[in-house]
Every structure is written in C-alpha cells, then in structure tokens.
Amino acid sequence: IYVGTITNYRLGTIYGTKVSTDGTTLEGAKFGLYTSAQTNPTEAGAALTAVSGEDGIFSFSDLQFDTTYYLYELEAPANHQKIDGLIWSGQVTEDIPAINVGQVENTPSVTTITGTKLDGNTNNPLAGATIGLYDAAKVTSWQQANRDNALMVVTTLEDGVFTFSGTMDKFAESMVIYEIEAPENYQVITDPLWTGNLGDTPQTIYVGNIYNYPETFSIDGVKVDESSAPLAGAVFGLFNAADVSSREDVTEDNALQTYTTGDDGSFVFADITYNADITYAVYEIKAPEGKRLIENAVWTGTAEEAQTIHIGNIVNYPDTFDLTGTKVNGDGENLSGAVFGIYDASQVTRWDQASEENAIATAKSNDSGAFAFTGIPCGSTTYVVYELQAPEGYDLRKDVIWTGTNTDGSTINLGDVVNYTHQELPGTGGSGQNPIQFALAVGLLGCAVIGFGYALTRAKKHRKEGDAK
C-alpha cells in the first residue's frame with residue numbers, strides 16, 4: 001500500500017509588542033492573522049488569533065513559509081482606541097523564519113470635559129478659577145467639594161478654559177463639577193457647574209460658558225429732616241470719586257447708580273463691584289422739595305470685602321429760614337409802621353448804604369408790632385438787618401438790628417426791637433431825649449461850661465492886671 005507523499009514544512013513565527021502612546025506595554029489587545037486582505041476582519045475568519053500579555057507581547061507560531069499573511073487588530077486594550085486597517089503584511093521564509101513587526105501603538109481612549117470661565121458682565125475670560133471634578137455619588141454638595149476629594153482639579157489660565165481629560169478609568173460613572181475657588185474679586189458659584197453620566201464610550205463634553213460675577217458690596221442710608229422724620233424725593237447718586245472734580249460733575253448721567261428716596265426716606269446702592277483701587281462717593285443730586293441741597297459728598301470710601309456700608313441718617317435742612325421780631329417803644333408798647341431791610345453784609349456795610357431798593361427783602365411791623373422776613377436763603381451768607389423807617393413819632397435807629405448766618409433753616413426771633421421818641425430817655429420812661437440826642441446835649445452842655453469857665457478866668461486875669469497898673 002502506497003500512502004502517497006508526506007510533506008514536512010519548516011514553520012515560522014510572527015510577533016510584536018503592544019504599547020500605548022507613552023510607551024507603556026498594554027495587555028489584552030487581540031490580533032487576527034489572515035491569509036488574505038480583509039475589509040472587515042472578524043475573529044471567525046482569522047487563520048490564527050493572539051492576545052498581548054502583561055509584557056505587551058503577542059505572537060503567532062507554526063506559520064508556513066512563503067505564505068503571505070495579513071495582521072489586523074480585533075480588539076483594543078482597555079481604555080484605548082482600536083486600530084482600524086492593516087497593521088502588517090508579509091511572508092515568513094526559510095531565510096527569515098521569525099519576523100518582529102515591532103511596537104504596535106494604540107492611542108488612549110480619552111474622555112474630555114471642557115468649559116470656559118467668563119466675567120458675567122463683560123464676557124471677558126477669567127483666569128484663576130479653581131474647579132474640581134467629583135464622583136457624584138460621593139460628593140453631593142458644594143460644601144463637601146475640596147481639592148483632596150476631587151478626581152481632578154484644574155485652574156483656569158488667561159483664556160478662561162478649563163479641561164478635565166483622561167481615559168475612562170479616570171472617571172466615575174456619574175460626575176459633577178464644582179467651583180472650589182472663584183477668580184480673585186469674584187463671587188464663588190456654589191451650584192454644580194455640570195453633572196452627567198459618561199457611559200462606556202469616550203467622548204468630548206463641552207459644558208459651555210460658566211459666568212462669574214464680581215464680588216459686590218452695598219451702601220444704604222436714610223434721608224431725614226431736622227427732626228429725623230423721613231423725607232421722600234431725594235435723589236442720590238453713586239460715583240467713582242475720580243470722575244468728580246467739581247459739583248458740576250454730580251449729575252444723573254455721570255452716576256454709576258441713582259436712587260430716589262420713598263416715603264420711608266431710605267436708599268440703597270446694591271451690587272457695587274468690589275475693587276480696592278476704586279474710591280466711591282455718594283452725592284445728593286437733588287434735595288427733597290423745600291430742603292437745601294447738600295453740596296459735598298455724604299460718603300466716600302471703598303469696601304475691603306463684600307459687605308453693606310450703612311451711612312445712617314442724612315439730614316436735609318430747609319433751604320430758607322424766617323427772621324421775626326416785635327417793634328416796641330420804651331414802655332414795651334407795640335408799634336406799627338416800622339420798616340426793616342435785610343441785606344448781604346458783604347454788600348451793605350453801613351446803615352447809610354441800606355435802602356428798600358437794594359434790600360434782599362423788607363418787612364413792616366403790624367398793629368401788634370410783629371414783623372417777619374420769610375424765605376431767606378440758608379447757607380454761609382452773613383446777613384445784616386437795618387431799620388429803614390421808624391414808627392411815626394419815633395427816632396430812626398441807625399445801628400445794626402441783627403447780623404448773622406443760618407445753615408439749618410431754624411427761625412430766628414429777634415425779640416423786642418425798641419424805638420424811642422424825642423422826649424423819652426431809655427430805661428427811665430421820663431421826659432428827655434433819646435440816647436443819641438441825650439449824649440449830644442450833654443456834650444454841648446459840657447463844652448459850654450468849659451467855655452464859660454475859660455472866659456471867666458480870662459476876665460479875672462485882666463482885672464488883676466488893671467489894678468496892678
């Protein structure tokens with residue numbers, strides 16, 4: 001019996017090493033070796049399969065010489081992307097029985113979560129935000145989030161971008177992002193920035209723009225009158241003090257914020273951006289009706305932290321005042337018909353300069369002797385009052401009746417303003433002259449006595465000289 005030809009073949013080997021992009025060897029990659037090119041290689045169609053070990057090495061043995069083989073990857077190592085397409089093709093031969101295809105590199109399967117930190121007012125990117133990625137099953141609130149229990153922590157740079165990137169094994173099934181620290185001078189966000197489930201497929205997730213708003217502080221106060229009653233209708237403005245060089249700059253258009261007081265007199269400037277380099281100023285732009293405007297700033301300063309600055313009560317005084325008095329004679333009897341004028345003391349410095357024409361206002365005593373100047377502007381002006389016309393039968397007073405200022409709108413009462421007749425002596429009520437006339441009479445009488453004495457002395461001298469002769 002002839003059993004035929006029995007052929008023995010010398011057999012070859014194909015081997016290689018599976019690595020990651022950083023050169024780390026990878027276990028668990030499955031390869032298929034085929035005798036023809038494949039467009040969709042499957043494990044069932046492979047002539048041989050091999051799996052990389054802990055050292056990353058995979059090998060195919062007992063390969064026939066002079067047969068063309070094709071090497072494909074069927075399964076990628078964990079957390080890495082599968083290589084699509086032909087890895088190697090060639091023959092083992094008697095001359096080259098073992099072929100090393102070298103390192104077969106897989107790119108890690110990276111999941112990326114990214115977003116951008118922006119200023120909520122300007123949309124400018126924000127550097128310095130510290131953001132943490134957490135396992136949502138373990139960190140359930142912002143209070144629990146810190147650097148130590150974060151899976152990853154990043155800090156934004158000048159472009160405001162934050163990115164968490166890694167292979168799937170670096171992430172938890174359910175994730176949450178919290179802001180650990182806000183950019184300097186900005187309010188920290190305590191709500192989750194993002195939550196989500198990653199699933200099994202590597203992906204890129206863009207959580208979008210995350211807006212931070214500057215740290216702010218508030219200023220409040222109460223507008224009241226001189227009796228501490230609240231005043232409505234006062235308009236206050238908040239300004240950058242550097243923008244106010246004179247009172248002309250205190251306008252609603254130039255103000256950062258304005259506020260008009262209501263019936264309770266209160267005002268508040270809220271959400272003022274904290275900036276240690278800015279000095280703020282609060283001015284009264286418009287006073288309540290009938291009240292005098294406060295020209296200077298009612299508050300200036302800055303805040304060292306987020307806080308509320310209480311200015312307290314801001315008093316507006318009336319914008320005018322009244323000046324009253326009673327015209328009487330030396331016996332205290334009321335006199336009508338006296339006319340007074342009030343003047344700017346810097347403009348009228350003597351009685352003979354005063355007239356009804358150049359008076360700020362005039363007042364005339366009535367039958368009760370009362371007279372009043374009303375609605376005189378308050379302020380730093382020094383006023384002076386002169387009598388322009390005396391009651392009938394009385395001497396005109398040429399002295400200063402009153403001089404002074406009024407800054408708080410209070411009524412000034414001069415009390416009794418006394419006039420005397422030609423026959424009255426002040427303080428006695430008897431007959432005689434008024435003080436000025438009396439003084440003149442006494443002076444003239446004194447001169448007359450002195451003159452008479454001198455004449456008498458001269459006459460005696462002449463007689464003595466005559467007798468001697």
Side-chain angles (χ1 to χ4, degrees), residues 112-134 136 139-147 149-165 175-196 204-221 236-244 251-260 266-283 299-311:
T112 299
I113 303 174
T114 185
T116 306
K117 271 286 182 182
L118 299 177
D119 183 301
N121 295 325
T122 66
N123 282 333
N124 292 331
L126 294 176
T130 301
I131 301 169
L133 179 69
Y134 301 88
V139 177
T140 58
S141 69
W142 175 79
Q143 288 79 5
Q144 296 175 336
N146 56 57
R147 292 175 180 270
N149 60 3
L151 299 175
M152 300 182 198
V153 176
V154 295
T155 300
T156 59
L157 300 178
E158 296 300 323
D159 60 2
V161 174
F162 62 91
T163 300
F164 301 105
S165 184
M175 307 297 299
V176 61
I177 296 175
Y178 283 106
E179 183 172 69
I180 301 172
E181 295 177 6
E184 185 177 4
N185 296 331
Y186 284 82
Q187 302 175 52
V188 68
I189 300 173
T190 58
D191 292 329
L193 305 186
W194 174 85
T195 58
T204 296
I205 298 172
Y206 185 61
V207 301
N209 294 332
I210 307 296
Y211 296 96
N212 283 77
Y213 290 88
E215 285 187 336
T216 61
F217 68 100
S218 300
I219 301 172
D220 63 25
F236 287 96
L238 176 69
F239 298 83
N240 183 333
D243 296 336
V244 180
T251 65
E252 293 192 45
D253 290 338
N254 289 341
L256 302 174
Q257 296 184 40
T258 61
Y259 198 102
T260 302
S266 65
F267 67 90
V268 61
F269 298 113
D271 299 326
I272 307 169
T273 300
Y274 164 70
N275 189 327
D277 297 328
I278 295 179
T279 298
Y280 293 96
V282 176
Y283 282 90
W299 177 86
T300 58
T302 187
E304 297 181 356
E305 58 185 10
Q307 59 182 300
T308 297
I309 296 173
H310 304 290
I311 300 176

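Note that the numbering runs from 1 along the sequence shown for the chain.
With rounding to the nearest 0.5 Å, the separation of CG in N146 from CD in Q144 is 9.5 Å. To the nearest 0.5 Å, atoms OG1 (T258) and CD (E252) are separated by 5.0 Å. Annotation: the span from T155 atom OG1 to I180 atom CD1 amounts to 8.0 Å, rounded to 0.5 Å. Within the model, atoms OG1 of T130 and NZ of K117 stand 10.0 Å from one another, a figure rounded to the nearest 0.5 Å. Here CG of D119 is found 12.0 Å from CG of N209. Values are rounded to the nearest 0.5 Å. Distance check: T216 OG1 to F269 CZ gives 14.5 Å after rounding to the nearest 0.5 Å.
Nearest heavy atoms, A127 versus P183: O-CB, 3.4 Å. Nearest heavy atom pair, residue Y280 against residue L256, reads CE2-CD1, 3.7 Å. For the residue pair N121 and P214, the shortest heavy atom distance occurs at ND2-CD, 3.4 Å. Taking both residues in full, the closest heavy atoms of T163 and V154 are given as O-CG1, 3.3 Å, listed atom of the first, atom of the second, then distance. Taking both residues in full, the closest heavy atoms of I311 and G221 are given as CB-CA, 4.5 Å, listed atom of the first, atom of the second, then distance. Shortest non-hydrogen contact noted between Y134 and L151 is C-CD1, 4.0 Å.
Considering only heavy atoms from C-beta on, F162 comes within 4.5 Å of I210 through its side chain. Contact annotation: the side chain of V282 approaches that of I219 to within less than 4.5 Å [non-hydrogen atoms, C-beta and beyond]. M152 is not listed as a side-chain neighbour of I113, based on a closest heavy-atom distance of 4.5 Å or more. Looking at W194 and I205, their side chains come closer than 4.5 Å, going by heavy atoms from C-beta outward. Between Y206 and T116 the shortest side-chain heavy-atom distance falls below 4.5 Å. N254 is not listed as a side-chain neighbour of D243, based on a closest heavy-atom distance of 4.5 Å or more. Counting heavy atoms from C-beta on, the side chains of L118 and P125 come closer than 4.5 Å. Residues D271 and Y213 are not in side-chain contact: their nearest non-hydrogen atoms beyond the backbone lie 4.5 Å or more apart.
Side-chain atoms of E179 come within 3.5 Å of backbone N or O of I189 as a donor-acceptor pair.
Using cut-offs of 30° and 60° on the angle between ring planes, the pair Y259 and F267 is tilted.
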Run the numbers on Y178 and S141 for side chain to side chain donor-acceptor pair (under 3.5 Å), then give the verdict.
CA-CA 9 Å; Y178 283 106; S141 69; 5.8 Å; no
